Amino acid sequence: MLPLNFISSSKLISYHIMEKNTCIVMVPCPGLSHLIPLVEFAKRLVQHDHHKLHVTFLIPSLGPPSSSMMAILNDLPPDIDFTILNQINIEDLPQNIHPAPKMRLTVKLSIPFLHEAVSSLSSRTHLVALVFDMFSVDAIDVAKQFNLLSYVFFASGATTLSFCLSLPKLHESVSFTEVTKTVNVPGCVVPFQVKDLPDPLPCESTSENLISYVDICRILSLVDGLIVNSFLDLESGAIRALQVNENSPRVYPVGPIIQIKSASNENQWECIEWLNKHPPKSVLYVSFGSGGTLSQDQLNELAFGLELSGHKFLWVVRAPNNSPSSAYLIGQKEDQLNYLPSGFLDRTKGRGLVVSSWAPQIEVLGHGSTGAFLSHCGWNSILESVVCGMPMIVWPLFAEQRMNAVTVTEVLKVAVKPKVDDESGIIKREEIVKVIKRIMEGDQGFEIRKRIKDLSDAAGAALREHGSSRRALSSLVLKWQKI
């Protein structure tokens with residue numbers, strides 16, 4: 001019996017039905033950008049070709065669930081339920097800890113609660129596998145204890161996964177303090193500079209954050225399978241390199257897995273009604289994801305750049321902070337618009353719409369009036385841009401976003417990237433105007449639009465009946481069904 005302070009799905013679950021179904025447990029790590037793709041993957045599973053699958057989410061928790069999180073969980077279909085595990089005391093975590101080890105440590109401290117929940121499920125269901133996030137890899141010990149198959153759902157791309165699997169060896173030979181040094185990633189046609197590698201790089205090889213990250217990457221090679229949210233035409237080189245790597249578990253490229261509709265209705269009516277009033281492909285959408293933040297100086301430069309560009313824009317604003325990931329695990333409650341330059345809203349009235357914290361992104365990207373996306377380059381946002389055929393201006397902030405930015409600009413060539421001013425370390429308003437005009441007006445924007453339209457078509461083909469991603473998903477489901 002689970003403790004009373006577990007939060008569980010309010011849906012009535014028939015365990016008689018679950019006993020007949022193959023059951024899968026999914027363990028996300030904290031952070032909406034990790035929960036959302038795993039939820040969408042679960043939906044894809046339970047709807048796949050009439051196979052009887054049931055999914056239970058066991059969710060480690062660092063604090064009370066946000067309204068956005070509960071909106072996602074309360075909208076799950078009948079074959080998916082959830083339990084939010086006992087909340088970890090934030091005081092048990094080191095102060096000023098980087099988001100990646102914070103996510104992992106939250107899961108690690110939740111292992112006793114996870115063990116108890118899995119024990120309860122395995123006693124009354126046909127439980128065959130644990131699927132967990134990259135930063136939930138310590139759940140592999142629970143999978144072993146209950147003789148369950150273990151899988152990582154890798155929420156980022158195959159290029160980042162290829163780097164992660166090669167990192168334990170690279171760590172032995174590469175100095176990650178040399179920011180301009182290049183690193184070759186298996187399957188990738190361009191090398192990456194150290195400064196573009198995922199956080200916590202660049203750093204000293206003895207850094208606790210890096211050692212933890214390397215340890216996670218070692219565990220990735222020990223699971224029974226790696227499920228990656230990508231598709232063959234998007235990252236063919238990296239995916240093929242992973243598939244022929246003898247030291248890698250079997251890789252299942254099942255993407256693009258994105259939301260069909262936004263999880264929250266916040267600002268939805270305002271954004272869509274405003275977009276309805278503007279011509280096709282005339283609006284630049286600006287958003288830095290579920291937790292990205294800019295410094296006050298950079299926020300000002302972006303505001304002036306948008307104003308001086310003369311183009312229409314829809315901007316999701318978040319309160320400034322010198323830490324680019326300050327809002328990732330903790331939401332902001334203050335009035336975000338108070339931080340905009342004086343008179344900005346009046347001067348751009350009618351041409352620009354500014355909303356606080358949240359917008360219905362998938363609906364905005366799919367709207368006919370949206371012409372380009374200024375993005376932090378999170379993988380979910382990249383996939384949504386690809387599916388919607390939306391050209392990008394990339395503005396990476398943290399995590400693997402710099403690596404993603406290199407991929408979409410230099411490999412796929414579906415984005416442009418503004419230059420950072422060498423003296424100030426920020427992107428100046430003149431540069432922002434320049435890239436906006438390049439993507440919205442120039443020949444380069446036209447060519448990018450054609451290339452991303454081709455990728456959008458390929459994404460649709462990958463998910464159809466005989467597509468590469470559909471076949472990968474089918475092979476995974478059939479494996480679980482035979483157990």
Side-chain angles (χ1 to χ4, degrees), residues 32-33 35-36 65-75 258-294 299-300 302-321 327-328 330-376 378 380-381 384-385 387-393 395 432 436 439-440:
L32 275 183
S33 64
L35 175 66
I36 287 171
S66 66
S67 58
S68 297
M69 179 179 176
M70 291 311 301
I72 294 167
L73 296 175
N74 288 329
D75 195 38
I258 65 169
Q259 286 184 297
I260 305 302
K261 62 173 184 169
S262 295
S264 170
N265 293 326
E266 187 178 349
N267 297 325
Q268 181 158 347
W269 182 88
E270 183 181 10
C271 290
I272 301 306
E273 283 296 303
W274 187 84
L275 286 170
N276 288 342
K277 299 173 183 176
H278 296 286
K281 303 188 185 309
S282 64
V283 176
L284 175 68
Y285 173 56
V286 182
S287 176
F288 294 93
S290 58
T293 47
L294 305 177
L299 185 77
N300 291 342
L302 177 54
F304 288 125
L306 291 170
E307 182 179 349
L308 292 169
S309 75
H311 280 277
K312 298 176 176 63
F313 61 87
L314 194 171
W315 183 12
V316 184
V317 168
R318 191 168 283 116
N321 195 293
Y328 187 65
I330 300 173
Q332 298 181 323
K333 296 180 181 178
E334 56 203 306
D335 187 351
Q336 330 287 299
L337 306 190
N338 288 337
Y339 295 92
L340 294 170
S342 177
F344 172 78
L345 292 175
D346 290 333
R347 294 192 301 271
T348 58
K349 189 174 182 179
R351 183 165 62 83
L353 174 65
V354 182
V355 297
S356 293
S357 298
W358 183 268
Q361 181 159 298
I362 193 64
E363 289 84 358
V364 170
L365 292 175
H367 196 283
S369 294
T370 307
F373 181 15
L374 193 160
S375 169
H376 68 310
N380 291 336
S381 290
E384 289 168 359
S385 296
V387 170
C388 295
M390 191 60 57
M392 288 172 275
I393 299 171
W395 193 310
I432 294 167
I436 291 174
I439 203 79
M440 298 295 285

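Index from 1, following the sequence. All figures in this text were calculated on a predicted structure; none of them were measured in a lab.
Annotation: salt bridge (Lys or Arg N to Asp or Glu O under 4.0 Å) contacts of Glu363 (sequence neighbours excluded): none.
Shown here for Leu35 and Met69, the closest heavy-atom pair between the two residues is CD2-CG, 3.9 Å. For Phe373 against Met390, the heavy-atom pair with the smallest separation is CB-CG, 3.9 Å. Closest of all the heavy-atom pairs between Val364 and Cys271 is CG2-CB, 4.4 Å. Nearest heavy-atom pair across Ser68 and Leu32 is CB-CD1, 3.8 Å. Nearest heavy atom pair, residue Phe344 against residue Thr348, reads O-OG1, 2.8 Å. For Tyr339 against Asn300, the heavy-atom pair with the smallest separation is O-OD1, 4.0 Å.
Counting only distance, with no hydrogens or angles, the side chain of Ser369 and the backbone of Val283 share no donor-acceptor pair below 3.5 Å. Under the 3.5 Å distance criterion, the side-chain polar atoms of Arg318 are matched with a main-chain donor or acceptor of Ser357. In this structure, Ser262 contributes its side chain and Gln361 its backbone to a donor-acceptor pair below 3.5 Å. Between the side chain of Asn74 and the backbone N or O of Met70, at least one donor-acceptor pair lies under 3.5 Å. The main-chain N or O of Ala359 is never found under 3.5 Å from a side-chain atom of Asn267 such that the two would form a donor-acceptor pair.
One distance of note links OG of Ser385 with CG of Leu365; it measures 5.5 Å at 0.5 Å rounding. Note that CD1 of Ile439 is 9.0 Å distant from CG of Leu284, once rounded to the nearest 0.5 Å. Summarising the geometry, atom OG belonging to Ser375 is positioned 9.0 Å from atom CD belonging to Glu384; distances are rounded to the nearest 0.5 Å. For the atom pair Ser287 OG and Trp395 CH2, the distance stands at 13.0 Å (nearest 0.5 Å). Between the CG atom of Leu340 and the CG atom of Leu299 there is a distance of 6.0 Å, given to the nearest 0.5 Å. A distance of 12.0 Å separates CZ of Arg347 from CG of Leu306, quoted to the nearest 0.5 Å.
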TODO: I would like to know whether Val316 and Gln336 meet side-chain contact (heavy atoms from CB on, under 4.5 Å); could you show each step before the answer?
DONE: CA-CA 9 Å; Val316 184; Gln336 330 287 299; over 6 Å; no
Task: Evaluation steps, side-chain contact (heavy atoms from CB on, under 4.5 Å), between Asp75 and Lys261 - done: CA-CA 11 Å; Asp75 195 38; Lys261 62 173 184 169; 3.6 Å; yes
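The shortest distance between side-chain heavy atoms of Met392 and Ser381 does not fall below 4.5 Å. Taking 4.5 Å as the limit, some side-chain heavy atom of Ser356 sits within range of a side-chain heavy atom of Leu337. The shortest distance between side-chain heavy atoms of His278 and Leu314 does not fall below 4.5 Å. Put simply, the side chain of Ile260 does not reach to within 4.5 Å of the side chain of Ile362, judged on heavy atoms. Counting heavy atoms from C-beta on, the side chains of Val355 and Trp274 never come closer than 4.5 Å.
By the 30° and 60° cut-offs, the orientation of the rings of Phe313 relative to Trp315 is perpendicular.
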